[in-house]
Amino acid sequence: MNKIIILAFLLFTSTLIFGQANKSKITETSKPFILGVIDELQSNELGENRILNIYLPEGYKQEDATKYPVIYLLDGSANEDFIHIAGLVQFNSFEWINQVPKSIVVGIATVDRRRDFTFPTTIEKDQKRFATSGHSDKFIAFIEKELQPFIDKKYHTNDSKTIIGQSLGGLLETEILLKKPTLFNKYVIVSPSIWWNNGSILNQDSAIFQENFNQKTEIYIAVGKEGPTPTEIPRVMEVDANLLAEKIKATKSKNIKVYFDYLPQENHGTILHPATSNSFKFFYPIQEKK
């Protein structure tokens, strides 16, 4: 009986030791899950260092000559929209989905979105409430003169440049579209804060409205069930987004294509992910096989 107990104890002890050894081995082979690359760019235009989160598509190799579209993402910090938007791009570029070409995603990490995404306002209350606001011109110069050249030099890029932004980010995109339209050829404008400066952006003239504007440009505008804007003068997010879409649709240029997407099941907090997914279907329609 004693021999049986001793044997059982030895078997239990050896099993425990073996299990702990295995656990130790598993711990030793653990390693970080790498989603992308973090670049840092010292900006003279902004007078600060900017963090860029980069997603490179499957199969990307520095030594290869293959060139890829670039998707620039505002609010592109790791704890903002970078991870879920990079995931959408990856998913939609899987061979069995094939909705989007394999693309590079550049997430521009946020420093001060009110400063970077807004032009000066004449509304005194907003001047006080958003004290750092009104410097989008510097951020646009950063994109044009520093960011895009940096990405084009370091990575294998083609001529396709998309920008994605929501809320104040959508306002910035609208300003870029109207003032510097050739910086991008695809715009994903989600729940844009057109209300800024009492909607003055809607009065902005632009080269895109002229018949001789010759860059093929696609614009996707989305808004959810979002209601009144945070302004003293009553405005409605859905109405403002629709006014923007109608303004662009009135262009004389045949090279401008715009799609307005109303998503009543989404609100200001939930809309970016499904809207971005829908925009890919607009930009890259899958042709039905006959």
Side-chain angles (χ1 to χ4, degrees), residues 31-46 48-95 97-111 113 116-117 138-166 169 172-173 176-177 180-189 215-220 272-273 276-277 279-280 283-284:
K31 56 185 178 180
F33 178 79
I34 306 299
L35 181 63
V37 177
I38 298 175
D39 283 332
E40 294 189 26
L41 177 59
Q42 180 61 40
S43 170
N44 293 324
E45 294 292 336
L46 298 173
E48 63 191 13
N49 192 55
R50 297 303 295 240
I51 301 296
L52 307 173
N53 294 309
I54 313 293
Y55 164 78
L56 298 174
E58 183 182 0
Y60 181 95
K61 293 180 180 178
Q62 194 62 32
E63 62 270 20
D64 287 352
T66 305
K67 295 186 176 183
Y68 298 87
V70 183
I71 298 173
Y72 291 86
L73 175 65
L74 302 173
D75 294 319
S77 299
N79 62 349
E80 293 180 299
D81 296 314
F82 177 73
I83 293 175
H84 75 96
I85 295 299
L88 269 180
V89 174
Q90 181 199 40
F91 174 77
N92 280 281
S93 63
F94 283 146
E95 290 183 5
I97 305 294
N98 200 29
Q99 181 73 60
V100 174
K102 289 183 177 181
S103 303
I104 299 167
V105 180
V106 178
I108 310 169
T110 299
V111 173
R113 65 198 308 274
D116 291 341
F117 296 172
K138 292 183 179 180
F139 192 76
I140 294 171
F142 160 69
I143 291 174
E144 179 181 17
K145 299 176 183 179
E146 297 176 332
L147 177 59
Q148 288 186 342
F150 172 81
I151 295 298
D152 289 340
K153 183 178 180 180
K154 184 168 183 177
Y155 299 101
H156 297 307
T157 65
N158 61 25
D159 293 333
S160 177
K161 291 180 172 64
T162 301
I163 184 169
I164 299 173
Q166 182 197 6
L172 177 75
E173 283 186 78
I176 293 172
L177 173 65
K180 295 269 188 176
T182 57
L183 284 185
F184 300 94
N185 43 41
K186 293 180 177 64
Y187 291 79
V188 181
I189 302 174
Q215 176 187 272
K216 289 190 179 298
T217 304
E218 296 176 295
I219 304 137
Y220 169 91
L272 182 60
H273 195 86
T276 301
S277 181
S279 74
F280 293 155
F283 294 144
Y284 304 106

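Since we're looking at a predicted model, the values are computed, not measured.
- Nearest approach of N53 to F82, heavy atoms of both residues: O-CE1, 3.2 Å.
- Partners of Q42 according to the side chain to side chain contact (heavy atoms under 4.5 Å, CB included) rule, which considers only residues two or more places apart in sequence or in another chain, are N49.
- With sequence neighbours left out, the side chain to side chain contact (heavy atoms under 4.5 Å, CB included) criterion links I97 to F91, N92, F94, Q99.
- Every residue two or more places apart in sequence or in another chain was checked for a salt bridge (charged side-chain N to carboxylate O under 4.0 Å, His left out) with D81, and none qualifies.
- When the side chain to side chain donor-acceptor pair (under 3.5 Å) test is applied to E146, the partners found at least two apart in sequence or on another chain are S43.
- With sequence neighbours excluded, no residue satisfies side chain to side chain donor-acceptor pair (under 3.5 Å) with Y55.
- Residues passing the salt bridge (charged side-chain N to carboxylate O under 4.0 Å, His left out) test with E48 are R50, R115, sequence neighbours excluded.
- T182 is linked by a side chain to side chain contact (heavy atoms under 4.5 Å, CB included) to F213, Q215, counting only residues two or more places apart in sequence or in another chain.
- Listed by chain and number, the residues in a ring pair (Phe, Tyr, Trp, His ring centres under 6.0 Å) with F283 amount to none (sequence neighbours excluded).
- By the salt bridge (charged side-chain N to carboxylate O under 4.0 Å, His left out) test, R113 is found to be paired with D75, residues two or more places apart in sequence or in another chain being considered.
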Exercise answer: donor-acceptor pairs, residues 61-72 side-chain atoms, under 3.5 Å, sequence neighbours excluded:
| unit_1 | atom_1 | unit_2 | atom_2 | d |
| --- | --- | --- | --- | --- |
| Q62 | OE1 | Y60 | OH | 3.3 |
| Q62 | NE2 | K154 | O | 3.2 |

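- Annotation: ring pair (Phe, Tyr, Trp, His ring centres under 6.0 Å) contacts of F117 (sequence neighbours excluded): F139.
- E218 pairs by the salt bridge (charged side-chain N to carboxylate O under 4.0 Å, His left out) definition with K186, not counting sequence neighbours.
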